[in-house]
Amino acid sequence: MELAGPGFFNLWLRADWLAGAAARALSSERLAVEPAAAPERVVIDYSSPNVAKEMHVGHLRSTVIGDALARTLEHRGHTVVRQNHVGDWGTPFGMLIEHLVDVGEATATEELGVGELGAFYKAARQKFDADEGFAARSRRRVVSLQGGDAETRRLWRVLVDVSARYFEAIYARLGVTLQRDDVAGESLYDPRLTPLAAELRASGAAIVTEGALCLFPQGFAGKDGAPLPLIVQKSDGGFGYATTDLAAIRYRVDELGATRLLYVVGAPQAQHLAMVFEAARELGWLRPPARAAHVAFGSVLGTDKRMFKTRSGDTVRLVDLIDEAEARARAVVDDKARDLSPEERAAVARAIGVGAIKYADLSSDRVKDYVFDLDRMLSFDGNTAPYLQYAHARLCSIFRKAEAEGAAAGAIAPASGEGAAKERALLLHLLGFGAVVAAVDETLEPHRLCTYLYELAGAFMGFYEACPVLKAEGDVRASRLAVCALTRRTLRQGLSLLGIEAPERMLYLFRITAGQAAGFTWVFTHSMIVASGVPGVKMPETPASRRRWKSSSGMMPPPNTFTSSAPFARSASTTAGKSVLCAPDMIERPTASTSSWTAAAAIISGVWCSPV
RNA sequence: GCGCCUGUAGCUCAGCUGGAUAGAGCAUCGGACUUCGAAUCCGACGGUCGCCCGUUCGAAUCGGGCCGGGCGCACCA
């Protein structure tokens, strides 16, 4: 340790201490994560879609962030109670039920079952606005729903059940842990609202103002500077969502026994929630150690920096988003992992596509808006899920190979030699895992974990570049394998806390032996190679790519050699008689000894390629 | 009008409970593959941290004031 100017001191860690700490982490089931000092019962309110209404990007953030927090806090040793505050009650159900009756249950169920929630809702809305008779029926229907009419209740239940199944299908695709049992919708609180209002009226806590029963939590002023009311009961006797939220706080504190209430809700709701929390505190319903926090998040923007919408201006359906991300990942996987079965390829594509969406949502400060850009989030470069997944898959590959060679991880020895600095940096970073998880627990900011994992992957790449693992021997190899093992587990565990899968294999490699194709010479083409004629593989055309092509081949590239999409191709090169490992799309252009591009492609995709 | 959030490299973002020369990725340019996964790595270029005051030994970070963007502000949830 040394002093280094005002306010600083430098300290050095002993290499053997570092190695020992890493070994302890590796031998622990929890890696370097300490459980919370004081585990709590935490309610997390997230996702909250509306019955008979489409899930859209707005629900994405709540669902993804909430689920990551649920997983992380659970891992920290807290007891997490998930609460899906589904919109399953209120005046819209009058028109929805009437519409259900009009269309017929069977048809409606089918329509809703396949996810046509948006159309169903819109149709009901339209009739309500246009048809006076329908509107009247709808209003009567609300009354009988509130009154507990059996048939109305049954129809309502149909809507709720069909929607719940649809939500569950989406959760399954997203890999979200929400279950049917976690649903605690607005209807749950309905029977409590009337007594709650009566209680507040009787105690004098709430005051009737302009016909509405209001609470006036401290510290909130409206436009004219007057105290801002929280309406407990509307002048028509009905209830708004403030009342439901108050009832929910009571339920969560008194019946669920929670001491920490988290609301994963968009930032625009900040004032409303602050008022509800303050009111609950003043009423003594939310009392220490119980406390509530608004886990606010910003909007999803399009690449034009405006609210993310479809070209026609509609909100984007969540399923469409997932479909597109998966399809694009699938195109790559189909091409890169041809030996995997269709099922396996689909699974990997799902992991990549869904992981990319979730990671993009989690990796930036949640309170800020973020730009939804599939190109960026599906990239294997940068702070993305595919990059982390790739690092993990690569580590898995090392262990597959190690096993085949009979190499095993052993004791972690203090690093020495050329790559020692890189190895130390990696170990030091690995030991920071617990601190980051604790920070997420405290700040409720999953992006801290994302940043950590990204840096971890980077530190690993640096280590891996500098320290040969399988090429090393004896104790050194065993030690480095142990370092890899810890890295792999930390990556996988970290991704898992975010709700992101980590496939063990992502691509399929061929060994190309040029010598097998007598008469050909491979041309070294740096990193810009073309796979002419091989389906699904294209390279972006840039001025640089044309220049490189020309400088390496001495010829101008043929027209349309480079096309505009498919970001994933890379190069491989060799000369006759040598071989190189590469993915099937890493194709060389042959020299003048081949006459036809198509022929070259055929050779590449067929004859020369043999699985490793 | 009041309140909340936000403004960091051309683009997308970290860093914000004060600490050393403000970091990544993309883009641009230049390097590194006859296989431990190049879907990678290394380097270069690129920033008045919106602006101005203040607190401090020290400010992207804390406080105040402006400017720009977003969102709320009583019976819709």
Visitor: At under 4.0 Å between heavy atoms, what does A/Ser235 touch on the DNA or RNA strands: base, sugar-phosphate, or nothing?
Guide: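 Contact class for A/Ser235: base.
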
Visitor: Go through B/rC41, B/rC11, B/rA14 for me and flag the one nearest to the A/Ser364 side chain.
Guide: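 Shortest atom-to-atom distance from the side chain points to B/rA14.
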
Visitor: Scan A/Arg448 against the nucleic acid and name what it touches under 4.0 Å (heavy atoms): base, sugar-phosphate only, or nothing.
Guide: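 Contact class for A/Arg448: none.
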
Visitor: Between C1' on B/rC11 and CG on A/Asp381, what's the gap in Å once rounded to a whole number?
Guide: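 It is 16 Å, rounded to the nearest whole Å.
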
Visitor: Under a 3.5 Å cut-off for both distances, is B/rG7 Watson-Crick or wobble paired, and to whom?
Guide: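 B/rG7 is paired with B/rC67.
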
Visitor: Measure from the ring center of A/His294 to the ring center of A/Phe277 and say whether it is less than 6.0 Å.
Guide: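 No.
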
Visitor: Name the closest nucleotide to the A/Phe380 side chain, picking from B/rC36, B/rA14, B/rU40.
Guide: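 The listed nucleotide nearest to A/Phe380's side chain is B/rU40.
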
Visitor: Kindly say whether, by distance alone, the side chain of A/Tyr390 makes a donor-acceptor pair under 3.5 Å with the base of B/rA39?
Guide: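 Result: no qualifying N/O pair found.
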
Visitor: Could you check whether A/Asp365 gets within reach of a base, just the sugar-phosphate, or nothing at all, counting any heavy atom under 4.0 Å?
Guide: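 Counting heavy atoms under 4.0 Å across all strands, the contact made by A/Asp365 is with sugar-phosphate only.
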
Visitor: If I take atom CZ in residue A/Phe297 and atom P in nucleotide B/rC71, what distance separates them, rounded to the nearest angstrom?
Guide: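 Going from CZ in A/Phe297 over to P in B/rC71 covers 16 Å.
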
Visitor: For A/Glu405, which contact category applies under a 4.0 Å heavy-atom criterion: base, sugar-phosphate, or nothing?
Guide: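 Nothing: the residue A/Glu405, judged by heavy atoms under 4.0 Å, touches no strand.
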
Visitor: Base, sugar-phosphate, or nothing for A/Leu228, non-hydrogen atoms under 4.0 angstrom?
Guide: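 Sugar-phosphate, no base atom in range.
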
Visitor: Between B/rU35 and B/rG46, how far apart are the two C1' atoms, rounded to whole Å?
Guide: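 The answer is 36 Å between these two C1' atoms.
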
Visitor: Any donor-acceptor pair under 3.5 Å linking the side chain of A/Ser397 with the backbone of A/Ala393?
Guide: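 Answer holds: no.
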
Visitor: Scan residues 463-475 of chain A against RNA chain B and write down, sorted by residue number, each residue with any heavy atom closer than 4.0 Å; if none is found, say none.
Guide: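 Nucleic-acid contacts, sorted: A/Tyr464, A/Glu465, A/Cys467, A/Pro468, A/Val469, A/Leu470, A/Lys471.
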
Visitor: Write down the distance separating the C1' atoms in B/rC5 and B/rG30, rounded off to the nearest Å.
Guide: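 Each nucleotide's C1' atom is 42 Å from the other's.
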
Visitor: Would you say A/Tyr387 places a side-chain N or O within less than 4.0 Å of OP1 or OP2 belonging to B/rC41?
Guide: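 So the side chain of A/Tyr387 is within the cut-off, an N or O lying under 4.0 Å from OP1 or OP2 of B/rC41.
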
Visitor: Using a cut-off of 4.0 Å on non-hydrogen atoms, how would the nucleic acid contact of A/Gly240 be classed: base, sugar-phosphate, or nothing?
Guide: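 Sugar-phosphate: the residue A/Gly240, judged by heavy atoms under 4.0 Å, touches backbone atoms but no base.
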
Visitor: From B/rC73, B/rA24, B/rA77, pick the nucleotide closest to the side chain of A/Gln271?
Guide: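 Nucleotide nearest to A/Gln271's side chain: B/rC73.
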
Visitor: What is the nucleic acid contact for A/Phe399, judged by heavy atoms within less than 4.0 Å: base, sugar-phosphate only, or nothing?
Guide: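 If one applies the 4.0 Å heavy-atom cut-off, A/Phe399 turns out to touch nothing in the nucleic acid.
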
Visitor: Using both distances under 3.5 Å as the test, list the Watson-Crick or G-U wobble partner of B/rG23, or none.
Guide: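 Pairing partner, where one exists within any strand: B/rC13.
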
Visitor: May I ask which nucleotide in the shown strands pairs with B/rC73, Watson-Crick or G-U wobble, both distances under 3.5 Å?
Guide: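 For B/rC73, the partner nucleotide comes out as B/rG1, under the 3.5 Å rule.
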
Visitor: Looking only at atom types and distance, does a side-chain atom of A/Thr487 sit under 3.5 Å from a main-chain N or O of A/Val483, one as donor and one as acceptor?
Guide: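 Side chain of A/Thr487 to backbone of A/Val483: a pair is present.
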
Visitor: Could you check whether A/His447 gets within reach of a base, just the sugar-phosphate, or nothing at all, counting any heavy atom under 4.0 Å?
Guide: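 Sugar-phosphate only.
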
Visitor: Name the nucleic acid region contacted by A/Ala393, choosing base, sugar-phosphate or nothing; use a 4.0 angstrom heavy-atom cut-off, strictly under.
Guide: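 Result for A/Ala393 = base.
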
Visitor: Atom NZ of A/Lys53 and atom CZ of A/Phe167: how far apart are they, to the nearest 0.5 Å?
Guide: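 That separation rounds to 10.5 Å.
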
Visitor: Could you tell me how far B/rA20 sits from B/rG58 if I compare only their C1' atoms? Round to whole Å.
Guide: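 Per the computed distance, 10 Å lies between those C1' atoms.
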
Visitor: Need to verify one output field. Residue with the more 5' nearest nucleotide on RNA chain B, A/Cys396 or A/Ala457?
Guide: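 Per heavy-atom nearest nucleotide, the more 5' residue is A/Cys396.
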
Visitor: Would you indicate what A/Thr451 reaches in the nucleic acid, counting non-hydrogen atoms under 4.0 angstrom: base, sugar-phosphate, or nothing?
Guide: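 Sugar-phosphate: the residue A/Thr451, judged by heavy atoms under 4.0 Å, touches backbone atoms but no base.
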
Visitor: Whole Å only: how far is the OH atom of A/Tyr121 from the P atom of B/rA77?
Guide: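 These atoms are roughly 11 Å apart.
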
Visitor: When both hydrogen-bonding distances must be under 3.5 Å and the geometry is Watson-Crick or G-U wobble, what is B/rG46 paired with, if anything?
Guide: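 Its partner: none found.
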
Visitor: If we call it a pair only when both distances are under 3.5 Å in a Watson-Crick or G-U wobble match, what pairs with B/rA32?
Guide: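 With both distances under 3.5 Å, B/rA32 matches B/rU40.
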
Visitor: Work out how far the C1' atom of B/rG47 is from that of B/rA60, and round it to whole angstrom.
Guide: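 So the two C1' atoms sit 11 Å from each other.
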
Visitor: Distance check needed: B/rC4 C1' versus A/Asp369 CG, whole Å only.
Guide: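 Taking CG of A/Asp369 and C1' of B/rC4, I get 13 Å after rounding.
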
Visitor: Once the angle between the rings of A/Trp156 and A/Trp89 is folded into 0 to 90°, is it parallel (under 30°), tilted (30 to 60°) or perpendicular (over 60°)?
Guide: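 Because their plane-to-plane angle is over 60°, the rings of A/Trp156 and A/Trp89 count as perpendicular.
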
Visitor: Within the 4.0 Å heavy-atom criterion, would you say A/Ala212 contacts the bases, only the backbone, or no part of the nucleic acid?
Guide: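 Counting heavy atoms under 4.0 Å across all strands, the contact made by A/Ala212 includes a base.
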
Visitor: Could you point out which residue of A/Arg492, A/Glu501, A/Met506 forms a side-chain contact (heavy atoms from CB on, under 4.5 Å) with A/His392?
Guide: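 Testing A/His392 for a side-chain contact (heavy atoms from CB on, under 4.5 Å) against A/Arg492, A/Glu501, A/Met506 leaves exactly one candidate, A/Arg492.
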
Visitor: Could you measure between the two C1' atoms, the one in B/rU55 and the one in B/rA9, and give it in whole Å?
Guide: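 B/rU55 and B/rA9 have their C1' atoms separated by 30 Å.
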
Visitor: Under 4.5 Å between any side-chain heavy atoms of A/Leu498 and A/Lys358, yes or no?
Guide: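 They are not in contact (no side-chain heavy atoms under 4.5 Å apart), so the answer is no.
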
Visitor: Counting side-chain heavy atoms from C-beta on, which of B/rA24, B/rA74, B/rA77 comes nearest to A/Glu210?
Guide: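 Among the listed nucleotides, the one closest to the side chain of A/Glu210 is B/rA74.
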
Visitor: Closer to the 5' end of RNA chain B via nearest nucleotide, is it A/Thr443 or A/Tyr454?
Guide: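 This one resolves to A/Thr443.
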
Visitor: Could you tell me how far B/rU48 sits from B/rA22 if I compare only their C1' atoms? Round to whole Å.
Guide: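 After rounding to an integer number of Å, I get 13 Å for this pair.
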
Visitor: Taking atom P of B/rC76 as reference, at what distance in whole Å does atom OH of A/Tyr241 sit?
Guide: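 After rounding, the reported distance stands at 11 Å.
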
Visitor: Between B/rG54 and B/rC13, how far apart are the two C1' atoms, rounded to whole Å?
Guide: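 Looking at atom C1' only, B/rG54 and B/rC13 are 30 Å apart.
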
Visitor: Of the nucleotides B/rA38, B/rU12, B/rC4, which has the atom closest to the A/Val371 side chain?
Guide: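 Out of B/rA38, B/rU12, B/rC4, the nucleotide with an atom closest to A/Val371's side chain is B/rU12.
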
Visitor: With the threshold set at 4.0 Å, does a side-chain nitrogen-carboxylate oxygen contact exist between A/Arg488 and A/Glu504?
Guide: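 The answer is no: the pair does not qualify as a salt bridge.
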
Visitor: By the 4.0 Å heavy-atom rule, please label A/Gln233 as base, sugar-phosphate, or nothing.
Guide: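 No contact.
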
Visitor: Using OP1 and OP2 only, check whether a side-chain N or O of A/Lys368 sits under 4.0 Å from B/rG7.
Guide: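 So the side chain of A/Lys368 is within the cut-off, an N or O lying under 4.0 Å from OP1 or OP2 of B/rG7.
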
Visitor: Ring centres of A/His85 and A/Tyr189 under 6.0 Å apart?
Guide: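 Yes, the ring of A/His85 comes within the 6.0 Å limit of the ring of A/Tyr189, centre to centre.
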
Visitor: Expressed as a whole number of Å, how far does the P atom of B/rC26 sit from that of B/rG43?
Guide: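 That atom pair is separated by 13 Å.
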
Visitor: Whole angstrom is fine here: how far is it from CG in A/Leu453 over to P in B/rA14?
Guide: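 It works out to 16 Å between those atoms.
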
Visitor: Just wondering, more than 12 heavy atoms not from A/Asp475 lying within 6.0 Å of its CG?
Guide: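 Atom CG in A/Asp475 is not packed in, count stays at 12 or less.
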
Visitor: With side chains defined as the heavy atoms from C-beta onward, is the minimum distance between A/Arg477 and A/Glu405 less than 4.5 Å?
Guide: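 Sidechains of A/Glu405 and A/Arg477: in contact.
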
